[in-house]
Amino acid sequence: QVQLVESGGGLVQAGGSLRLSCAASGRTFSSYYMGWFRQAPGKEREFVAHITWNGGSTFYTDSVKGRFTISRDNVKNTVYLQMNDLKPEDTAVYYCAAKSRSGYFTTLAAYDYWGQGTQVTVSS
């Protein structure tokens with residue numbers, strides 16, 4: 001069982017930066033693959049970024065490449081999402097998620113555990 005708690009969301013102007021954190025409980029965090037998703041009002045939840053269990057590989061949706069960076073600290077049981085050059089279209093609730101197996105990582109069904117989400121609002 002893994003519990004995930006996101007933090008770091010807030011209101012920022014376009015072009016600004018935020019760093020989201022996702023703290024995980026459980027002794028096996030280092031074995032989980034982690035992802036960030038987001039859900040804008042009236043839209044489906046979508047994949048944002050993914051990181052392998054050891055941080056060796058990262059993946060991003062095209063719209064955030066070059067602006068967002070996913071990372072993890074397996075000592076602190078935390079995964080991060082550094083978001084730079086934020087745009088109004090990045091406004092959404094951001095969720096972190098954990099999966100125990102490799103393979104597909106862009107679909108919601110691939111993940112076993114979810115956090116409650118943190119709101120990010122980017123003003124123009």
Peer 1: Think Lys99 forms a cation-pi with Tyr33, using NZ or CZ under 6.0 Å from the six-ring centre and within 45 degrees of its axis?
Peer 2: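 Yes, a cation-pi geometry holds between Lys99 and Tyr33.
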Peer 1: Is the distance between the ring centroids of Tyr111 and Phe37 less than 6.0 Å?
Peer 2: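 Yes, they do, as the ring centres are separated by less than 6.0 Å.
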Peer 1: Counting N and O atoms only, with roles assigned by atom type, does the side chain of Arg67 sit under 3.5 Å from a partner on the main chain of Asp85, one being a donor and the other an acceptor?
Peer 2: yes
Peer 1: Any chance you could measure Ile51, atom CD1, to Arg72, atom CZ, to the nearest 0.5 Å?
Peer 2: 6.0 Å
Peer 1: Under a single-linkage definition using a 4.5 Å side-chain heavy-atom cutoff for Ile, Leu, Val, Met, Phe, Trp and Tyr, are Leu20 and Phe47 assigned to the same hydrophobic cluster?
Peer 2: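 The answer is no; the residues belong to distinct hydrophobic clusters.
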Peer 1: With no hydrogens and no angle check, just 3.5 Å: does a side-chain donor-acceptor pair link Tyr80 and Arg19?
Peer 2: no
Peer 1: Return the minimal non-hydrogen interatomic distance between Gln39 and Glu44, and the atom names on each side.
Peer 2: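 Nearest heavy atoms, Gln39 then Glu44: CG-C, 4.0 Å.
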Peer 1: Any link between Tyr104 and Phe59 through a network of hydrophobic side chains (Ile, Leu, Val, Met, Phe, Trp, Tyr) touching at under 4.5 Å?
Peer 2: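 They do not share one cluster, since no chain of ILVMFWY contacts under 4.5 Å joins Tyr104 to Phe59.
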Peer 1: I'd like to know if the side chain of Asp112 pairs up with that of Ser100 as donor and acceptor (distance under 3.5 Å, no hydrogens or angles considered).
Peer 2: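 Judged by distance alone, the side chains do pair up.
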Peer 1: Is it the case that more than 12 heavy atoms not belonging to Gln3 sit under 6.0 Å from its CD atom?
Peer 2: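 Open.
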Peer 1: Consider only side-chain heavy atoms of I, L, V, M, F, W and Y, link residues closer than 4.5 Å, and tell whether Val122 and Val93 are in one cluster.
Peer 2: no
Peer 1: Run the side chain to side chain contact (heavy atoms under 4.5 Å, CB included) test on Leu86 and Asn84 for me, step by step, so that the C-alpha distance in whole Å, both residues' side-chain angles and the decisive distance to 0.1 Å come before the verdict.
Peer 2: CA-CA 5 Å; Leu86 283 160; Asn84 298 329; over 6 Å; no
Peer 1: For Leu4 and Ala98, which heavy atoms make the closest approach, and how far apart are they?
Peer 2: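 Where Leu4 meets Ala98 most closely, the heavy atoms are CD1-N, 3.8 Å.
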Peer 1: In Å and rounded to the nearest 0.5 Å, what is the OG to CG distance from Ser31 to Asn54?
Peer 2: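 Atom-to-atom, Ser31:OG and Asn54:CG are 11.5 Å apart.
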Peer 1: Out of curiosity, Asn74 CG to Tyr32 OH, how far, rounded to the nearest 0.5 Å?
Peer 2: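 Between Asn74 CG and Tyr32 OH, I get 13.0 Å after rounding to 0.5 Å.
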Peer 1: Distance check, rounded to the nearest 0.5 Å: Phe29 atom CZ versus Cys22 atom SG?
Peer 2: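 Output value for this atom pair is 7.0 Å.
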Peer 1: Please report the interatomic distance CG(Leu81) to OH(Tyr95), rounded to the nearest 0.5 Å.
Peer 2: 15.0 Å
Peer 1: Going through the distances and angles, do Ser71 and Gln82 end up as a side chain to side chain contact (heavy atoms under 4.5 Å, CB included)?
Peer 2: CA-CA 8 Å; Ser71 62; Gln82 177 66 44; over 6 Å; no
Peer 1: Quick one: OG1 on Thr121 to CG on Leu18, what's the gap to the nearest 0.5 Å?
Peer 2: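 So the gap between those two atoms works out to 9.5 Å.
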Peer 1: Please check: side-chain N/O of His50 versus main-chain N/O of Met34, any donor-acceptor pairing under 3.5 Å?
Peer 2: yes
Peer 1: Taking all non-hydrogen atoms of both residues into account, name the closest pair between Val64 and Tyr60 and its distance.
Peer 2: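 Val64 and Tyr60 have their closest heavy atoms at CG2-CB, 4.0 Å.
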Peer 1: Tell me if a side-chain donor or acceptor on Thr52 pairs with a main-chain N or O of Ser57 at a distance below 3.5 Å.
Peer 2: yes
Peer 1: Hey, does the Lys NZ or Arg CZ of Arg45 hover above the aromatic six-ring of Trp114, less than 6.0 Å from the centre and inside 45° of the axis?
Peer 2: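 Yes, a cation-pi geometry.
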Peer 1: Do you know which two heavy atoms are closest between Pro88 and Ala14, and how far apart they sit?
Peer 2: CD-CB, 4.1 Å
Peer 1: Please report the shortest heavy-atom distance between Arg38 and Ser63, naming the atom on each side.
Peer 2: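 Heavy atoms of Arg38 and Ser63 come nearest at NH2-OG, 3.4 Å.
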Peer 1: Test your reading of the model: is there a side-chain donor-acceptor pair from Thr78 to the backbone of Lys76, 3.5 Å cut-off?
Peer 2: yes
Peer 1: Compare every heavy atom of Trp36 with every heavy atom of Ile70, then report the nearest pair and how far apart it is.
Peer 2: CD1-CD1, 3.5 Å
Peer 1: Are Val48 and Val120 grouped together when hydrophobic residues (ILVMFWY) are joined by side-chain heavy atoms under 4.5 angstrom apart?
Peer 2: yes
Peer 1: Could you walk me through whether Asp62 and Lys65 pass the salt bridge (charged side-chain N to carboxylate O under 4.0 Å, His left out) check?
Peer 2: CA-CA 5 Å; Asp62 286 346; Lys65 285 179 181 177; 3.0 Å; yes
Peer 1: Examine distances only and state if a side-chain atom of Glu6 and a backbone atom of Gln116 form a donor-acceptor pair shorter than 3.5 Å.
Peer 2: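 Side chain of Glu6 to backbone of Gln116: a pair is present.
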